[in-house]
Amino acid sequence: MPDFNLLNQINSPQDLKQMPLSDLTRLCAEGRDYLIQSVSHTGGHLASNLGVVELTVALHKVFDTPQDKIIWDVGHQCYMHKLLTGRRDRFHTLRQEDGLAGFPREAESIHDSFIGGHSSISISAACGMARALLLQGDPHKVIAVIGDGALTGGQAYEALNNAIGLKNLIVVLNDNNMSISKNVGSFARYLSRLRTRPAYLKTKGSIENMLDHTPIVGEPLKKLLSSSKSTLKELIYHTNFFTDLGFTYFGPADGHDLETLTAMFERAKQLDTPVFIHVRTVKGKGYPYAEQNPGAFHGVAPFNIQTGDSDIAGEDSYAVAFGRYLADRGRLDDRLCAITAAMKYGTGLQFFKSAHPSRFFDVGIAEPHAVTFASGLAAAGMRPVFAVYSSFLQRGYDQVIHDASIEQRHVVLAVDHAGIVGRDGETHQGIFDVSFLLNIPGITLDSPCGYAELCSCMQHALYNCTGVAAVRYPKGRETMDSSAYAGDFFHIPAEGADTLVVTYGRLFENVYTAVQKAKSMGKAVSILKLTRLAPFPEQALQEALAYRRILFFEEGMQTGGVAEHMLAELYARGFRGEYEITAIRDEFVPQASPERAMKKLGLDAESMVQKICAERQDSHGG
């Protein structure tokens, strides 16, 4: 059993301020062991957190939170930060219902400065905070810790472009040559070139030390070198993107060397300029399985520490079913292209890349670019598919409207992780895509239930649509064979029923179970299972008009959702019966297992039975 003597003494960052370097090194080792042991039970983001242990300790050694602000990007690398800021005793509740969040949450601790579930936002938030502190005369620093993967997102560059004059801003680049998938693109190559030139800092330090000890001319010459356009830095690097933007640049440095990190942070703390600190870390550091396969240990279910084996196999999932289908289609269609935003494995596109590498494109964490890039491919005659998590598609909404939909570009959106996703909580729930996609003119939107139906919907989206077509499907695996209920919609009538239950996607399983239970209790209820959500099947509306009472169950937002759209169409056709909508109303859904979240939202089978059998005065009506 690992020994956590030092870690158990840390109840706030102040407790590590007086520790000598030897103790801090031991503290890092204990913290790494603690993370491995704890995440093996709760699941979570492991590899990224193992890589920033020393970096986190050094930050808290030098800076003073909450007065100094640390913003983590992406926030899944904040676990050691949580351990050092008074949350060790609750760490076993990580990502559990009513427990610690897997990301920074200001409501959880005064040491968390900004939420960070999505990437590339830290420098923007830090610029705002830094400007506010300057306006208020506050002398403290604002530190944005951003990964090289998150630095592929366009918002990071928009922020860097606006950082000039922020003398209290420090940007720390955690460069592990990874996001979730391996980094791609020109900037990744640029960082790689910087990594090969570590001689700069050593040489620069030697020259400054020599000039500091040179009487009379040393200090003036040092100032001249610092201000000259032909400094030693430029002679060695030729150019530096960050210094050209007005930052003082340090690095690249070993992100696991506490002495170097603390010295660098102390120096940055004294400067009255924006500072950019480039540190190199190893993702998964200290746990061999995570070091060897950091992608697999990015986000993990509970696992066996000795073997590295997860409790949940990943080969049976909607993502894998989609990925295998698309790779197979790619062999028959040389116009088919696949796009990911740094989520090759998460979306199942590893199969397409392996089979068709020239038509696979990883654009980095850049969803807006991905959508417009797909629109460009479509405009030039290709058939692009952008596979993206529902919550990340939010970042490309303007592009779906402006670049893809207005001129009816044939772009296919494979919207993964749709609906409740569970323990990643509010930042990752895929509950908004139906509402924001349904409102786009000319879009086709399908929500399949099961793998076979997913492949059928993809086939339709690829070869029977002319504009934007989206197919949304949940995280995880299918749990019901719904192939007998396939089609744009499927009506399951019950003899003598005046109540119709309407649903779509994986909720069909819960609805079907609930209706069977209601039947056993003497309640006749019909089901309308929708697959095509837009354009709405006219025949489905005609079927629904025959009922006096309609109950909607929807795993998404009520406002702008399927129920509201369908009711508008039904009322236009003369429906004046009773209805009730069970969906998500005006709230963000917190972390919990999908099963618990469904129950709290009234979307589990048991709750559905109660709604179905409830008295009618509880319903709305015309």
Side-chain angles (χ1 to χ4, degrees), residues 1-19 23-72 74-117 145 258 285-287 290 297 299-305 311 422-427 590-593 596-597:
M1 193 73 174
D3 181 352
F4 303 122
N5 287 339
L6 284 176
L7 186 62
N8 288 337
Q9 297 174 34
I10 306 296
N11 297 305
S12 80
Q14 291 301 317
D15 293 329
L16 62 79
K17 297 288 187 186
Q18 305 305 316
M19 281 188 176
D23 281 355
L24 291 181
T25 302
R26 285 174 50 214
L27 176 66
C28 290
E30 289 184 15
R32 194 166 269 118
D33 287 341
Y34 190 97
L35 290 176
I36 295 169
Q37 181 175 299
S38 184
V39 174
S40 73
H41 293 291
T42 65
H45 293 92
L46 183 63
S48 54
N49 284 286
L50 294 179
V52 297
V53 170
E54 289 83 4
L55 174 59
T56 306
V57 168
L59 283 169
H60 281 294
K61 172 72 171 177
V62 173
F63 297 100
D64 299 300
T65 60
Q67 292 79 19
D68 293 314
K69 313 293 182 185
I70 302 176
I71 303 173
W72 297 91
V74 174
H76 62 234
Q77 59 184 328
C78 72
Y79 290 7
M80 189 67 184
H81 164 77
K82 289 184 183 247
L83 291 179
L84 299 178
T85 53
R87 286 170 275 184
R88 183 188 65 257
D89 291 343
R90 296 189 62 218
F91 202 76
H92 66 281
T93 69
L94 185 74
R95 302 173 73 247
Q96 312 299 309
E97 184 176 359
D98 299 323
L100 294 180
F103 303 94
R105 289 299 306 273
E106 193 173 358
E108 186 178 287
S109 171
I110 59 173
H111 298 280
D112 290 358
S113 299
F114 204 83
I115 195 170
V145 183
L258 274 173
K285 174 78 170 176
Y287 183 52
F297 281 86
V300 293
F303 63 95
N304 183 302
I305 295 176
D311 290 350
R423 293 186 170 92
D424 281 336
E426 295 94 329
T427 57
Q591 65 197 45
S593 68
R596 281 288 300 158

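Since this is a predicted model, take the numbers as computed values, not measurements. Throughout, numbering of the chain's residues begins at 1 and tracks the sequence.
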Item to check | Check: Thr427 and Phe103 side chains under 4.5 Å, non-hydrogen atoms | outcome: yes

Checklist entry - Would Gln14 and Asp64 count as a side chain to side chain contact (heavy atoms under 4.5 Å, CB included) if you check the C-alpha gap in whole Å, the side-chain angles of each, and the deciding distance to 0.1 Å? => result CA-CA 8 Å; Gln14 291 301 317; Asp64 299 300; 3.9 Å; yes

Checklist entry - Under 3.5 Å, is there a donor-acceptor pair between the side chain of Asn49 and the main chain of His76? => result yes

Checklist entry - Who pairs with Asp112 by side-chain hydrogen bond (donor to acceptor under 3.5 Å, both in side chains), at least two apart in sequence or on another chain? => result His81, Arg87

Item to check | Pair Arg90 + Glu108, salt bridge at N-O below 4.0 Å | outcome: no

Item to check | Heavy-atom closest pair, residues Met19 and Ile10 | outcome: CE-CD1, 3.5 Å

Item to check | Sidechain-backbone polar pair: Gln77 side chain, Ser48 backbone, donor-acceptor under 3.5 Å | outcome: no

Next on the checklist: Set out, in order, the CA-CA distance, both residues' side-chain angles and the distance that settles side chain to side chain contact (heavy atoms under 4.5 Å, CB included) for Arg95 and Leu100, then state yes or no.
Outcome noted: CA-CA 6 Å; Arg95 302 173 73 247; Leu100 294 180; over 6 Å; no

Item to check | Lys17 (side chain) donor-acceptor with His60 (main chain) under 3.5 angstrom | outcome: yes

Next on the checklist: Nearest 0.5 angstrom please: Gln37 CD to His92 NE2, how far?
Outcome noted: 13.0 Å

Checklist entry - Would you say Glu106 and Ile115 make side-chain contact, with heavy atoms under 4.5 Å? => result no

Next on the checklist: Measuring from atom CG of Asp98 to atom CZ of Arg596, what distance do you get when rounded to the nearest 0.5 angstrom?
Outcome noted: 8.0 Å

Checklist entry - Looking only at heavy atoms, which two atoms of Leu27 and Leu16 are closest? And how far apart? => result CD2-CD2, 4.3 Å

Next on the checklist: Phe91 vs Tyr34, test: side chain to side chain contact (heavy atoms under 4.5 Å, CB included). Steps then yes/no.
Outcome noted: CA-CA 10 Å; Phe91 202 76; Tyr34 190 97; 3.9 Å; yes

Checklist entry - Counting distance only, does the side-chain N/O of Lys69 pair as donor-acceptor with the main-chain N or O of Phe114 below 3.5 Å? => result no

Next on the checklist: Donor-acceptor pair, distance only, cut-off 3.5 Å: does the side chain of Glu30 make one with the backbone of Leu7?
Outcome noted: yes

Item to check | Pair Arg423-Glu97, salt bridge (charged side-chain N to carboxylate O under 4.0 Å, His left out): steps then yes or no | outcome: CA-CA 8 Å; Arg423 293 186 170 92; Glu97 184 176 359; over 6 Å; no

Checklist entry - Which residue pairs pass the salt bridge (charged side-chain N to carboxylate O under 4.0 Å, His left out) test with at least one member in residues 41-52, sequence neighbours excluded? => result none

Checklist entry - For the residue pair Ser113 and Ile71, what are the closest heavy atoms and their distance? => result CB-CG1, 4.2 Å

Item to check | Distance in Å, Glu54 CD paired with Leu59 CG, rounded so as to fall on 0.5 Å steps | outcome: 12.0 Å

Item to check | Exam field: side chain Arg26 to backbone Leu6, donor-acceptor pair closer than 3.5 Å | outcome: no

Next on the checklist: Give me the atom names and distance for the closest heavy-atom approach of Gly31 to Leu83.
Outcome noted: O-CD1, 4.5 Å

Item to check | side-chain hydrogen bond (donor to acceptor under 3.5 Å, both in side chains) partners for Asn5, two or more places apart | outcome: Asp3

Item to check | Test log, rule side chain to side chain contact (heavy atoms under 4.5 Å, CB included), inputs Ser12 and Thr85 | outcome: CA-CA 5 Å; Ser12 80; Thr85 53; over 6 Å; no

Checklist outcome for this item: Scanning both residues in full, the closest heavy-atom pair of Tyr79 with Gly44 reads OH-CA, 3.6 Å

Checklist entry - Mind checking what makes ring-ring contact (aromatic ring centres under 6.0 Å, His included) contact with Tyr287, not counting sequence neighbours? => result Tyr289, Phe297, Phe303

Checklist outcome for this item: For Asp15, the side-chain hydrogen bond (donor to acceptor under 3.5 Å, both in side chains) test, sequence neighbours excluded, returns none

Checklist entry - Would you call Ser38 and Leu94 a side-chain contact if the rule is heavy atoms closer than 4.5 Å? => result no

Item to check | Heavy-atom closest pair, residues Cys78 and Gly102 | outcome: SG-O, 4.3 Å

Item to check | Pro66: side chain to side chain contact (heavy atoms under 4.5 Å, CB included) partners, not counting sequence neighbours | outcome: Ile110, His111

